[in-house]
Chemist: 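I am attaching a structure below and will ask some questions about it afterwards.
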Amino acid sequence: MCYGPFYNPEDGLVIQTGGSLPHWNQTRKIQFITIRLADSLPQDRIAEIRSIKDEFLHQHPEQPWSSETIRHYHTLVGIAEEKLMDNGYGSCILRLPQVRNVLEETIRYFDGLRFKLIAYVIMPNHVHLLIQTIENNALADILHSIKRYTARNINKLIERTGGLWFREYYDRMIRN
């Protein structure tokens, strides 16, 4: 079977934990990623989702999770977060053309250097990316670079201070 740029259970898999989500990575694979602004979800709903996550993690301490466990987690947590983001909570500064331009230019800058950009969409309070990582470029490092650079420049542009991006990100390795 040819896996190409898709998740291959026979390739080396790096699983990062420590945040609220496990992150699966394989070199040169296609990933779907969502990053969101720090204020994109209401605090009371974040606490509710965190409680659901904590309970789920307590009930499923085994790592790595099976495909069934991952689907169940996404059903409980991932879909809830996505629906909340789509409601347009927070400052929604990504709707501003000059802010969107900083983000878009940064994404395009790294295209070909650290990843192959397949598609992206910038929403008012979050961003979806579809990328294929390039050799020796960990997904966490790629996103850290994008978020650090854009936070510094967007904050300067709109004369604000403080954290711009939510620390955690959602990623999904494409299977086929």
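For the numbers below, each heavy atom of this structure counts, side chains included, while hydrogens, waters and symmetry mates do not. This chain uses plain numbering: 1 for the first residue, then up along the sequence.
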Chemist: Walk me through whether Ile118 and Ile131 qualify under side-chain contact (heavy atoms from CB on, under 4.5 Å).
Modeler: CA-CA 5 Å; Ile118 298 167; Ile131 65 171; 5.9 Å; no

Chemist: Using modelled atom types and a 3.5 Å cut-off, is there a donor and acceptor pairing between side-chain atoms of Asn125 and backbone atoms of Leu37?
Modeler: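 No; zero donor-acceptor contacts below 3.5 Å.
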
Chemist: For Phe32 and Tyr170, take the angle between the two ring planes, folded into 0 to 90°, and tell me which bin it lands in: parallel under 30, tilted 30 to 60, perpendicular over 60.
Modeler: perpendicular

Chemist: Between Ile30 and Ile134, is there a shared hydrophobic cluster once you connect ILVMFWY residues whose side-chain heavy atoms come closer than 4.5 Å?
Modeler: no

Chemist: Should Ile93 and Tyr120 be regarded as members of a common hydrophobic cluster, given that ILVMFWY residues are connected when their side-chain heavy atoms come within less than 4.5 Å of each other, either directly or indirectly?
Modeler: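 Per the 4.5 Å side-chain linkage, Ile93 and Tyr120 are co-clustered.
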
Chemist: Supply the atom-to-atom distance Ile33 CD1 to Leu130 CG, rounded to the nearest 0.5 angstrom.
Modeler: 8.0 Å

Chemist: Where is the tightest heavy-atom contact between Ser145 and Phe110, given as atom of each residue plus distance?
Modeler: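 Of all heavy-atom pairs spanning Ser145 and Phe110, the closest is CB-CZ, 3.8 Å.
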
Chemist: Can you name the side chain to side chain donor-acceptor pair (under 3.5 Å) partners of Arg152, sequence neighbours left out?
Modeler: none

Chemist: Applying salt bridge (charged side-chain N to carboxylate O under 4.0 Å, His left out) as the test, list every pair that has at least one member in residues 131-140; sequence neighbours left out.
Modeler: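 For residues 131-140, and leaving out neighbouring residues, the salt bridge (charged side-chain N to carboxylate O under 4.0 Å, His left out) pairs sorted by first residue read Arg28-Glu135.
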
Chemist: With sequence neighbours left out, which residue pairs that include part of residues 106-120 fulfil the salt bridge (charged side-chain N to carboxylate O under 4.0 Å, His left out) condition?
Modeler: Glu104-Arg108

Chemist: Measure from the side-chain N and O atoms of Asn137 to the backbone N and O of Thr133, and report whether any donor-acceptor pair falls under 3.5 Å.
Modeler: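 A pair under 3.5 Å: no.
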
Chemist: Assess the residue pair Leu94 and His126 against the criterion (side-chain contact (heavy atoms from CB on, under 4.5 Å)); give the C-alpha distance rounded to whole Å, side-chain angles, the decisive distance to 0.1 Å, and a yes or no.
Modeler: CA-CA 7 Å; Leu94 300 179; His126 64 284; 5.6 Å; no

Chemist: Do Thr34 and Leu129 touch side chain to side chain, with heavy atoms closer than 4.5 Å?
Modeler: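 Side-chain contact under 4.5 Å: no.
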
Chemist: With sequence neighbours left out, write down each residue that passes side chain to side chain donor-acceptor pair (under 3.5 Å) with Ser66, or none if nothing qualifies.
Modeler: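 Residues passing side chain to side chain donor-acceptor pair (under 3.5 Å) with Ser66: Thr69.
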
Chemist: Using modelled atom types only, decide if a donor and an acceptor are shared between the side chain of Asn101 and the backbone of Pro97 within a distance under 3.5 Å.
Modeler: yes

Chemist: Considering residues at least two apart in sequence or located in another chain, which fulfil the salt bridge (charged side-chain N to carboxylate O under 4.0 Å, His left out) criterion with Glu48?
Modeler: Arg45

Chemist: Could you list the residues that satisfy side chain to side chain donor-acceptor pair (under 3.5 Å) with Gln59, not counting sequence neighbours?
Modeler: Glu55

Chemist: Considering only distance and modelled atom types, tabulate donor-acceptor pairs under 3.5 Å from the side chains of residues 158-166, sequence neighbours left out.
Modeler:
residue	atom	partner	partner atom	Å
Arg160	NH1	Asn155	OD1	2.5
Arg160	NH2	Gly163	O	3.3
Trp165	NE1	Thr150	OG1	2.9

Chemist: Check for me, please, whether Leu157 and Ile146 land in the same ILVMFWY cluster - side-chain distances under 4.5 Å, paths through other members count.
Modeler: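 Cluster IDs for Leu157 and Ile146 match.
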
Chemist: Could you grab the distance from atom CG of Leu139 to atom NZ of Lys29, nearest 0.5 Å is fine?
Modeler: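 One finds 14.5 Å between CG of Leu139 and NZ of Lys29.
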
Chemist: What pairs with His144 under ring-ring contact (aromatic ring centres under 6.0 Å, His included), at least two apart in sequence or on another chain?
Modeler: none

Chemist: List the steps, then state whether side-chain contact (heavy atoms from CB on, under 4.5 Å) holds for Leu103 with Val127.
Modeler: CA-CA 9 Å; Leu103 180 56; Val127 181; 3.2 Å; yes

Chemist: Going by the rule side-chain contact (heavy atoms from CB on, under 4.5 Å), which residues pair with Asp54 if we only count those two or more places apart in sequence or in a different chain?
Modeler: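 So Asp54 forms a side-chain contact (heavy atoms from CB on, under 4.5 Å) with Arg50.
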
Chemist: Determine, using the 4.5 Å side-chain heavy-atom cutoff (strictly less than), whether Tyr149 and Ile107 are members of one ILVMFWY cluster.
Modeler: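 No, Tyr149 and Ile107 fall in different hydrophobic clusters.
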
Chemist: Just how far is it from atom CG of Asn153 to atom CZ of Arg148, taken to the nearest 0.5 Å?
Modeler: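 Asn153 CG to Arg148 CZ: 11.0 Å, rounded to 0.5 Å.
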
Chemist: Who passes side chain to side chain donor-acceptor pair (under 3.5 Å) against Gln132, sequence neighbours left out?
Modeler: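 With sequence neighbours excluded, Gln132 shows a side chain to side chain donor-acceptor pair (under 3.5 Å) to no residue whatsoever.
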
Chemist: Do Ser40 side-chain atoms and Arg36 backbone N/O form a donor-acceptor pair below 3.5 Å?
Modeler: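 Checking the backbone N and O of Arg36 against the side chain of Ser40, no donor-acceptor pair under 3.5 Å is found.
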
Chemist: Which hydrophobic side chains are connected to Met123, either touching it within the sub-4.5 Å cutoff or through other members that do?
Modeler: Val121

Chemist: Run the ring-ring contact (aromatic ring centres under 6.0 Å, His included) test against Phe56 and tell me which residues pass, sequence neighbours left out.
Modeler: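 Counting only residues at least two positions away or on another chain, Phe56 forms a ring-ring contact (aromatic ring centres under 6.0 Å, His included) with His60, Trp65, His72, Tyr73.
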
